[in-house]
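Each chain gets a letter, A, B and so on, in the order its sequence line appears, and its residues count up from 1.
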There are 2 protein chains.
Amino acid sequence: MNNTTLKKIAETLGCSISTVSRALKHHPDISVKTREKVLELANTLDYEPNAFAVHLRTQNSKVIGLMVPFIFNQFYESFIASVEEESRKHGLALMILQTANDPAIESENLKLFRQNRVMGLFACITANTNDFSGFRKMSEQNIPVVYFDNVPKDPDTCRVCLADERAATLAAEAMLQTGKKKIAALFGDRGLSITTNRKVALENFFRSKSAGVQLTAYHATNSEEAEKTVQQILKATDKPELIFCMSDELLIGAMKAIQQLELKVPEQIGVISISNGFIPQLYSPRITYVETSGYKLGKLAFTHMMACISGASAVKELVQESVLIKGGSL
Amino acid sequence: MNNTTLKKIAETLGCSISTVSRALKHHPDISVKTREKVLELANTLDYEPNAFAVHLRTQNSKVIGLMVPFIFNQFYESFIASVEEESRKHGLALMILQTANDPAIESENLKLFRQNRVMGLFACITANTNDFSGFRKMSEQNIPVVYFDNVPKDPDTCRVCLADERAATLAAEAMLQTGKKKIAALFGDRGLSITTNRKVALENFFRSKSAGVQLTAYHATNSEEAEKTVQQILKATDKPELIFCMSDELLIGAMKAIQQLELKVPEQIGVISISNGFIPQLYSPRITYVETSGYKLGKLAFTHMMACISGASAVKELVQESVLIKGGSL
DNA sequence: TTAAGGTCCGCAATCGTTTGCGGAAACATT
DNA sequence: AATGTTTCCGCAAACGATTGCGGACCTTAA
């Protein structure tokens, strides 16, 4: 461990540690001459402050945590990339853990975050988190938590959300315009807040319009399930004219089924999805989708976090707007 | 900051800090009775050791670093997910930074890693890293670095690699078996070690076989470039019968071009790729590919890292084997 | 000449742990 | 009774930085 410390610099310069420390941060108490000397030596010796010592002393960590169910996922990935960009700009380190949707792992992770005294946490809770004591402990230690994607029901928590209702409504409007009546709608895990939000919004929209639309809802927790479900749906005699997918994962499954049955999009089956934007453009024609950008959400989450840390945030919830991106799949 | 410390526990129990510390780690010097008392109080008070203090004292950080050009990338993503799984199992925290392929950012990141005294670093260097001083400083501080994917030319560095030559050869063999002669091969950035490795291997294979194969090489640094390139290639009068893509990114671009020209795979154009496995299965028929699993590479990298940390590793390079996954695209 | 004020720097406590060492008390051995 | 062994625990020094406070020295003004 060939590390240069304040002590070493002080000794070779024949001055005190405090002088070195102050010189390095341009404290006015230090004369220009000594400051220059210190800075020069520090530079040639490649001095780098020991983050642990600093954090221990100053009680603030310059590390922020991020917890997602899975990293291997377009949406989370773009969220993470976005948050990382911002944290780097602010000189913060990012500590990332995944829960695998397991509440037990989730609470272990929270422990690790607490032990590492992260100065803030971005969290997407698992689909079946019931015990919030781990999160409460964070709050008790004044560690702000900004929830995203799947958030706790408690409205008194900081959060950034996609405009779920708006997104579903945008998709619904687009579907309504096609004039097609028979719609199959694929939703994800029932435990997720976004599932409920989107489903309710979609159903409400068509109920209020009463346009003779026949909407059938299905649930699938992953791509494979979605594929099987859609295959069954499309093989039935009374097959739908439109398929709505509430996420990229489901879209992938649906498209596999459609391709296997060699159905032409949009002639034989229309497709629309809520998506992060990457998957829809892989197909030809491009799938029409309502964008829910993890990247944008990440930026939003970060500004929210900064506001929370500085204690200036009265707002609890920030919403990332949705926008319809037209492809050729309707 | 409502944190319980050893001191607090010691005071309320009327014993010394050292006793509490030892009791908590089941030191034999401490009697069962006091140990129980300490453990109980620590539990009810939700004691959690201050990681900074521990690390400062013990000089070992329980944090490992990981640096990639981009997080938003199937391959890196799966690598990260894999490494995270392992680190969590070992109670380690993972600190992730991206370089955006910018050497300046890269060296800043290295600084952050050093300041945070990571106990090890997984690094994929940028396509144009020339100055390795930042990495050398890590070595001087005895921080092991395990390179992956794009690695420095210096053979005296720890690294895990995909079997690039083997992967290219496997793909070449599969192409040879089709009997098709005109092949267009798409490669990535010339600055990447994997580009060179794969290209050389592919060219050597066909040169040695001299099977009358007409191989043309193209370069594209991203999906859009690949798309344009392939469009031009396929519009030419003398269009190839097979397209080889050395990565998922290029495959995406190639497939977009193919779909736009409404060419049938594999009848009108054969496709094969080296891939992480996610993209090829999105199409129908599934694309035949040689698997280069980021997930497996991650596992391998982690075991290599553990060996390096314990100082037990004589081996410098570990190789992750390749395997051909047959789809219906040849 | 003396008091006031400014400039520049060092002392020492502190953050929360870990750990070598020494020592008191209890017990066992001749 | 004297000596040797355990058993159990506390003292205090680190780890590397930050920072309030005080003090030495010099300048300036009355």
Side-chain angles (χ1 to χ4, degrees), chain A residues 1-39 41-42 45-63 91 111 114-119 141-142, chain B residues 1-39 41-42 45-63 91 111 114-119 141-142:
Chain A
M1 200 62 88
N2 162 34
N3 276 322
T4 68
T5 65
L6 290 187
K7 195 174 167 188
K8 236 179 247 175
I9 298 182
E11 276 169 4
T12 68
L13 242 47
C15 65
S16 78
I17 295 180
S18 13
T19 303
V20 178
S21 173
R22 291 194 173 97
L24 286 173
K25 33 181 61 69
H26 293 77
H27 193 286
D29 264 11
I30 306 299
S31 71
V32 185
K33 212 172 58 183
T34 33
R35 191 212 296 159
E36 295 304 327
K37 271 199 302 184
V38 170
L39 285 176
L41 187 61
L45 255 53
D46 268 333
Y47 170 73
E48 279 166 0
N50 184 318
F52 295 138
V54 175
H55 298 163
L56 176 59
R57 173 61 221 239
T58 63
Q59 304 284 39
N60 102 30
S61 76
K62 296 272 182 193
V63 176
K111 198 168 166 183
R114 284 193 303 270
Q115 287 183 5
N116 281 78
R117 303 293 194 271
V118 294
M119 62 186 294
Q141 293 179 22
N142 288 323
Chain B
M1 200 63 87
N2 159 38
N3 275 322
T4 69
T5 66
L6 290 187
K7 195 173 168 187
K8 237 179 246 176
I9 297 182
E11 277 169 3
T12 67
L13 241 46
C15 64
S16 78
I17 295 179
S18 14
T19 303
V20 177
S21 173
R22 291 196 172 95
L24 285 174
K25 35 180 61 67
H26 294 77
H27 194 286
D29 264 11
I30 305 301
S31 71
V32 185
K33 212 171 58 185
T34 34
R35 191 212 298 159
E36 294 305 326
K37 269 199 303 184
V38 170
L39 286 177
L41 186 60
L45 254 53
D46 270 331
Y47 171 73
E48 279 167 1
N50 184 319
F52 294 138
V54 175
H55 299 162
L56 175 59
R57 173 60 222 237
T58 62
Q59 302 286 41
N60 104 28
S61 75
K62 298 272 180 192
V63 177
K111 198 168 168 183
R114 284 193 303 270
Q115 286 183 6
N116 281 77
R117 302 294 194 272
V118 293
M119 62 187 296
Q141 294 181 21
N142 289 322

Colleague: Distance-only check: which donor-acceptor pairs under 3.5 Å involve side-chain atoms of residues 47-56 of chain B, not counting sequence neighbours?
Modeller:
from: B/Glu48; atom 1: OE1; to: A/Arg114; atom 2: NE; distance (Å): 2.9
from: B/Glu48; atom 1: OE2; to: A/Arg114; atom 2: NE; distance (Å): 2.9
from: B/Glu48; atom 1: OE2; to: A/Arg114; atom 2: NH2; distance (Å): 2.8
from: B/Asn50; atom 1: OD1; to: B/Phe52; atom 2: N; distance (Å): 2.8
from: B/Asn50; atom 1: OD1; to: B/Ala53; atom 2: N; distance (Å): 3.2
from: B/His55; atom 1: ND1; to: B/Ala51; atom 2: O; distance (Å): 3.2
from: B/His55; atom 1: ND1; to: B/Ser61; atom 2: O; distance (Å): 3.3
from: B/His55; atom 1: NE2; to: B/Ser61; atom 2: O; distance (Å): 3.0

Colleague: Within the pair A/Thr5 and D/dC15, is there a side-chain N or O less than 4.0 Å away from OP1 or OP2?
Modeller: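 Result: no.
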
Colleague: If only side-chain N and O atoms of B/Ser16 are considered, is one of them under 4.0 Å from the OP1 or OP2 phosphate oxygen of D/dC11?
Modeller: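 Looking at the OP1 and OP2 atoms of D/dC11, neither is under 4.0 Å from any side-chain N or O of B/Ser16.
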
Colleague: Can you list the residues that meet the side chain to side chain contact (heavy atoms under 4.5 Å, CB included) rule with B/Ser16, with sequence neighbours excluded?
Modeller: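 With neighbours one apart ignored, the set is B/Ser18, B/Thr19.
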
Colleague: Holding to side chain to side chain contact (heavy atoms under 4.5 Å, CB included), I want the full list of residues that pass it with A/Ile17, two or more places apart in sequence or in another chain.
Modeller: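 Applying side chain to side chain contact (heavy atoms under 4.5 Å, CB included) to A/Ile17 gives A/Leu6, A/Lys7, A/Ala10.
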
Colleague: Please give, in whole Å, the distance from D/dG16 C1' to B/Gln115 CD?
Modeller: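 The distance from CD of B/Gln115 to C1' of D/dG16 comes to 13 Å, rounded to the nearest Å.
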
Colleague: Let me know the distance between CZ of A/Phe52 and C1' of C/dT17, rounded to the nearest Å.
Modeller: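 Spelled out: CZ on A/Phe52 to C1' on C/dT17 is 13 Å.
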
Colleague: If you round to the nearest 0.5 Å, how far is NE2 of B/His27 from CZ of B/Arg35?
Modeller: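 Going from CZ on B/Arg35 over to NE2 on B/His27, the span is 11.5 Å.
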
Colleague: What residues, two or more places apart in sequence or in another chain, satisfy side chain to side chain contact (heavy atoms under 4.5 Å, CB included) together with B/Thr12?
Modeller: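 Counting only residues at least two positions away or on another chain, B/Thr12 forms a side chain to side chain contact (heavy atoms under 4.5 Å, CB included) with B/Leu41.
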
Colleague: What integer distance in Å separates A/Lys62:NZ from C/dC15:P?
Modeller: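 After rounding, the reported distance stands at 21 Å.
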
Colleague: So does B/Gln59 get a side-chain nitrogen or oxygen closer than 4.0 Å to the phosphate oxygens (OP1/OP2) of D/dA14?
Modeller: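 No, B/Gln59 has no side-chain N/O under 4.0 Å of OP1/OP2 on D/dA14.
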
Colleague: With the side chain counted from C-beta on, respond yes when A/Val38 and A/Ile30 share a heavy-atom pair under 4.5 Å apart, and no when they do not.
Modeller: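 Not in contact.
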
Colleague: Given atom CD1 of B/Ile9 and atom P of D/dG10, what is their separation to the nearest angstrom?
Modeller: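 It is 14 Å, rounded to the nearest whole Å.
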
Colleague: For A/Asp46, enumerate each residue passing the side chain to side chain donor-acceptor pair (under 3.5 Å) test, keeping only those at least two apart in sequence or located in another chain.
Modeller: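 Expected list: B/Lys137.
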
Colleague: Round to the nearest Å and state the distance from B/Asn50 atom CG to C/dT17 atom C1'.
Modeller: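 Rounding to the nearest Å, CG of B/Asn50 and C1' of C/dT17 are 8 Å apart.
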
Colleague: What protein N or O atoms touch nucleotides 19-21 of chain C N or O atoms at under 3.5 angstrom, if any, and at what distances?
Modeller:
from: C/dG20; atom 1: N7; to: B/Arg22; atom 2: NH2; distance (Å): 3.3
from: C/dG20; atom 1: O6; to: B/Arg22; atom 2: NH2; distance (Å): 2.5

Colleague: B/Lys7 has an atom NZ; how far is it from atom P of D/dC11, in whole Å?
Modeller: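 Going from NZ in B/Lys7 over to P in D/dC11 covers 13 Å.
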
Colleague: Whole-Å distance between D/dA17 C1' and A/Leu56 CG?
Modeller: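 Checked: the CG to C1' distance equals 8 Å.
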
Colleague: Just the rounded figure in Å: distance from C1' of D/dG16 to CD of A/Glu11.
Modeller: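 Rounding to the nearest Å, CD of A/Glu11 and C1' of D/dG16 are 13 Å apart.
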
